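Only a predicted model underlies this, so the values are computations on that prediction, with no experimental measurement involved.
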Amino acid sequence: LAQEGRLQRERAGNEWHVRYSEGQGSAQEHGSRPGLFDWIPEKPLRDVVREDWEDAHKCFSFGAWKCAVVMSGACLEGVLLAAVEIREVEARALFPEKYRGFPIAKVPLKELAVVAQKLRYIQSAAADFLIKSRNLIHPALAVAEPGGPSQGVAKAALALTEDCVKKVATELEKARF
């Protein structure tokens, strides 16, 4: 077990679990959360999303803030892809005409984010985060904005992603009835 301020990481077998405490409260476990992605119907996509989520937390636990933000964005992208596919008929009507015949996985991320907003899965701040997190991997951006994301930005990215996952699950449940 390693501790860095309020951040703790521990290894259990092949998995890392990250805990951090908020003030006087007890530690919250992050990383592998049972049930968080169970609503994703396709097991291969669910596994990729879960792995991205766990990798985001591993990166955070090692102080790799940029990597944590990028992996949070990758997780969120997979979540939105799954959610839009579940409501495919409704989503296709919301895509611009030129993308309506595309497989949803081939629709550009920006368009996927716009449709996810229209389906009430995410708000514009989450959509902006999603686009910016993907762009962090480009060297030109790193040169233009030296220093990269801070620990606070990485922690906020993890929290935003988790909030969006829960919101998607809630909206899907509402759409069923």
Side-chain angles (χ1 to χ4, degrees), residues 1-40 45-84 105 108-114 116-117 121-170:
L1 178 69
Q3 290 189 328
E4 298 166 352
R6 294 184 303 180
L7 177 68
Q8 301 174 14
R9 63 180 183 257
E10 63 183 33
R11 188 175 182 126
N14 289 331
E15 290 188 10
W16 282 95
H17 297 276
V18 180
R19 293 180 171 88
Y20 66 90
S21 59
E22 303 266 353
Q24 300 291 345
S26 61
Q28 296 178 345
E29 185 171 336
H30 289 276
S32 184
R33 287 203 174 195
L36 191 60
F37 305 106
D38 288 352
W39 58 268
I40 298 175
L45 181 57
R46 183 175 55 246
D47 290 347
V48 166
V49 169
R50 185 175 288 124
E51 184 176 330
D52 287 349
W53 177 244
E54 291 172 357
D55 286 349
H57 286 281
K58 289 175 194 173
C59 292
F60 186 89
S61 73
F62 287 106
W65 316 132
K66 178 178 173 179
C67 296
V69 172
V70 170
M71 294 312 298
S72 292
C75 175
L76 182 55
E77 183 176 352
V79 162
L80 295 181
L81 176 63
V84 168
L109 178 59
K110 187 174 182 179
E111 300 301 334
L112 181 68
V114 168
Q117 285 179 70
Y121 290 145
I122 59 172
Q123 295 178 346
S124 62
D128 291 344
F129 158 74
L130 182 57
I131 303 300
K132 288 178 182 173
S133 69
R134 179 185 257 190
N135 290 339
L136 283 173
I137 62 170
H138 300 294
L141 183 62
V143 171
E145 296 180 26
S150 66
Q151 178 182 10
V153 169
K155 188 173 182 178
L158 293 170
L160 175 70
T161 301
E162 184 169 352
D163 288 348
C164 287
V165 171
K166 291 175 181 177
K167 171 79 169 152
V168 167
T170 299

>> With salt bridge (Lys or Arg N to Asp or Glu O under 4.0 Å) as the criterion, how do Glu54 and Arg50 come out once you've worked through the C-alpha distance, each side chain's angles and the decisive distance to 0.1 Å?
In response: CA-CA 6 Å; Glu54 291 172 357; Arg50 185 175 288 124; 5.1 Å; no
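- Of all heavy-atom pairs spanning Pro149 and Leu136, the tightest one is CG-CD1, 3.8 Å.
- Heavy-atom minimum distance, Asp38 versus Arg46: CA-CD, 4.0 Å.
- Atom CD of Gln123 has 12 or fewer neighbouring heavy atoms from other residues, nucleotides or ligands inside a 6.0 Å radius.
- Distance check: Phe129 CZ to Cys164 SG gives 8.5 Å after rounding to the nearest 0.5 Å.
- With sequence neighbours left out, the side-chain hydrogen bond (donor to acceptor under 3.5 Å, both in side chains) criterion links Arg134 to Glu77.
- In plain terms, the two heavy atoms of Ile40 and Ala82 that are nearest each other are CG2-CB, 3.8 Å.
- Test Leu76, Thr161, Val165 against Trp53 for side-chain contact (heavy atoms from CB on, under 4.5 Å) and you get one pass: Thr161.
- For Ala116, the side-chain contact (heavy atoms from CB on, under 4.5 Å) criterion is met by Leu80, Tyr121, Ile122, not counting sequence neighbours.
- By the salt bridge (Lys or Arg N to Asp or Glu O under 4.0 Å) test, Lys167 is found to be paired with Glu171, residues two or more places apart in sequence or in another chain being considered.
- The shortest non-hydrogen separation linking Gln117 to Ala127 is NE2-CB, 3.3 Å.
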> For Trp65 and Lys155, what are the C-alpha separation, side-chain angles and deciding distance, and is it a side chain to side chain contact (heavy atoms under 4.5 Å, CB included)?
Replying inline: CA-CA 8 Å; Trp65 316 132; Lys155 188 173 182 178; over 6 Å; no
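- Applying the salt bridge (Lys or Arg N to Asp or Glu O under 4.0 Å) test to Asp163 and every residue at least two apart in sequence or in another chain returns nothing.
- Rounded to the nearest 0.5 angstrom, Glu111 CD and Leu109 CG are separated by 9.5 Å.
- Between the NZ atom in Lys66 and the CD1 atom in Ile137 there is a gap of 9.0 Å [rounded to 0.5 Å].
- For Ala169, the side-chain contact (heavy atoms from CB on, under 4.5 Å) test picks out Trp39, with sequence neighbours left out.
- Considering all non-hydrogen atoms of both residues, Leu158 and Ser72 come closest at CD2-OG, 3.2 Å.
- The side-chain hydrogen bond (donor to acceptor under 3.5 Å, both in side chains) check on Asp128 picks up nothing, with sequence neighbours excluded.
- Proximity of Val49 to Cys75: side-chain heavy atoms (C-beta onward) are separated by under 4.5 Å at one or more points.
- Closest of all the heavy-atom pairs between Ala68 and Ala56 is CB-O, 3.5 Å.
- In this view, Asp55 and Lys58 satisfy the salt bridge (Lys or Arg N to Asp or Glu O under 4.0 Å) rule, not counting sequence neighbours.
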